[in-house]
Amino acid sequence: LLSTPLNPLQHDYTQAMQRSGTMLLKLLNDALDLARIEAGRLELEPVAFEPRQLLEEVAQLEQGLAHARGLRFVLDAAADLPPQLLGDALRIKQVLLNLANNALKFTEQGSVTLRAQRIDGGLQFSIIDTGPGIPEASQARLFQRFEQVEGPQRRAGSGLGLAICRELVDMMGGSIELESRLAHGSTFRVRLPLAEPPAPLPTAVPSSDRCYRLLLVEDDTIVAAVIRGLLERERHAVVHVVNGLAALAELAQSSFDAVLLDLDLPGVDGFQIARLIRQREHRQQHLPIIAVTARSGNKDEAMARDAGMDGFLHKPLTGEQLSQALARVIGSTSTAPVVPQETD
Ligand SMILES: Nc1ncnc2c1ncn2[C@@H]1O[C@H](COP(=O)(O)OP(=O)(O)O)[C@@H](O)[C@H]1O
Ligand SMILES: [Mg+2]
């Protein structure tokens with residue numbers, strides 16, 4: 001709806017609906033997580049993961065948010081972090097995102113730092129902000145459900161985030177503590193026992209079929225925000241760029257599981273970008289590319305496949321369509337050689 005012509009009032013209402021929807025979803029997910037924990041049904045799923053990559057994914061998500069709030073987000077990962085650890089990477093990420101989101105939400109000026117250090121038998125994460133601080137008297141109760149400090153931001157949350165963090169950290173056998181003084185910022189410290197795998201495991205294991213690193217190439221910021229929201233809900237990490245050249249630059253310096261490519265981009269269009277990506281690939285390489293387009297013509301899909309794209313989606317998209325398309329292209333193109341696919 002937001003990517004269609006609307007008058008300013010309708011646009012505001014629609015944005016409010018989107019904000020409310022996002023909040024409602026967050027609330028529902030938090031309530032479900034707590035209910036699962038309470039029912040003893042939340043199970044940790046330890047995998048081998050790369051701590052540095054996990055931190056970078058968190059930083060990537062938070063940097064956008066920080067930028068929008070005029071704050072700095074600093075990632076300070078110690079040089080001696082182990083290359084691999086065993087742990088529930090998704091839940092660790094959830095804790096760090098919750099704490100970093102809080103820090104960004106309550107801080108008006110300055111910066112938020114995510115620090116990671118090695119400790120005996122595990123890692124210590126610190127989320128440090130230059131925000132308002134938390135009065136000593138309320139510090140302990142904030143880790144309980146529905147507890148918040150009075151303030152203007154109160155209504156933008158439910159007071160469940162820290163309770164979930166504490167429960168998850170407890171389940172992982174770790175600890176979480178808060179050090180804060182009014183007007184001097186807050187530091188949340190999470191210590192987790194995390195074993196190193198006996199021998200390095202193949203790195204493809206941790207981020208297997210569930211959690212992808214995706215490049216989204218889309219010039220419309222609202223459409224991009226919607227797609228990013230849908231993907232992040234599935235816990236994928238998304239890097240967003242607004243044009244083809246930025247996409248090629250991004251691809252040259254880091255690796256992705258798939259690209260979501262808008263066909264109509266300013267300058268170099270999606271077809272040309274797909275061709276350039278394919279030209280630069282060596283044998284055996286095949287980065288899955290999914291076209292995401294508002295076009296409704298019936299030749300576009302064939303043209304997209306000609307240009308080397310593996311999937312084709314029409315806007316507006318649902319989360320389910322995205323998940324299915326990703327499963328299809330990542331499942332089928334990463335190992336097998338590409339064969340022309342039938343359209344369905
Ligand atoms: N970094 C922070 N700086 C200041 N206050 C914070 C910070 N993190 C959490 N708080 C306080 O703790 C309360 C509980 O946090 P949380 O459980 O995540 O709930 P929510 O974010 O939904 O309000 C917040 O409402 C806020 O009052
Ligand atoms: Mg919160």
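These numbers were taken from a predicted model, which means no experiment stands behind them. Below, each value reflects all heavy atoms present in this structure, side chains not excepted, and no hydrogens, waters or symmetry copies. Counting starts at 1 for both ligands and their atoms, following the listed order.
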Under 3.5 Å side-chain donor-acceptor pair for Glu57 and Gln53: yes
Interfacing atoms of ligand 1 (cut-off 4.0 Å, heavy-atom, Ser186): 3 (N)
Per-atom contacts of ligand 1 with Gly159, taking only distances under 4.0 Å to non-hydrogen atoms: 17 (O), 19 (O), 20 (P), 22 (O), 23 (O)
Contact check: Ser158 vs ligand 1, nitrogen or oxygen atoms, below 3.5 angstrom: yes
Carboxylate-amine/guanidinium proximity below 4.0 Å for Arg36 and Glu167: no
Verify same cluster id: Phe188, Met171 (apolar side-chain graph, 4.5 Å): yes
Heavy atom of Glu147, distance to ligand 1 below 4.0 Å: yes
Heavy-atom nearest neighbour of atom 15 (O) of ligand 1 within options Ile127, Leu162, Leu182: Leu162
Between Gln272 and Arg275, a side-chain donor and acceptor under 3.5 Å: no
Distance, nearest 0.5 Å, that separates CD of Glu250 from NE2 of His240: 11.0 Å
Close approach, Phe188 and ligand 1, non-hydrogen under 4.0 angstrom: yes
Part of Asn101 within contact of ligand 1 (heavy atoms, under 4.0 Å): neither
Side-chain ion pair, Glu177 and Arg191, N-O less than 4.0 Å: yes
Sub-2.8 Å protein N, O or S atoms surrounding the Mg ion (ligand 2): Asn102 OD1
Element-labelled atoms of ligand 1 that are located less than 4.0 Å from some non-hydrogen atom of Gly157: 22 (O)
Thr293 side chain near Asp300 side chain, heavy-atom distance below 4.5 Å: no
Residue selection (non-hydrogen contact nearest atom 5 (N) of ligand 1) among Ile134, Thr130, Asn102, Leu104: Ile134
Which of the ligand 1 atoms, numbered from 1, are nearer than 4.0 Å to a heavy atom of Lys105: 20 (P), 21 (O), 22 (O), 23 (O)
Proximity flag Ala103 to ligand 1, non-hydrogen atoms under 4.0 Å: yes
Ligand 1 N/O within reach of Phe106 N/O, cut-off under 3.5 Å: no
Residues Arg278, Asp310: salt bridge by 4.0 Å N-O rule: yes
Per atom 1 (N) of ligand 1, closest listed option by heavy atom (Ile164, Val149, Asp129): Asp129
Pair Arg305 + Glu301, salt bridge at N-O below 4.0 Å: yes
Geometric class of the His236/Tyr212 ring pair [parallel <30°, tilted 30-60°, perpendicular >60°]: parallel
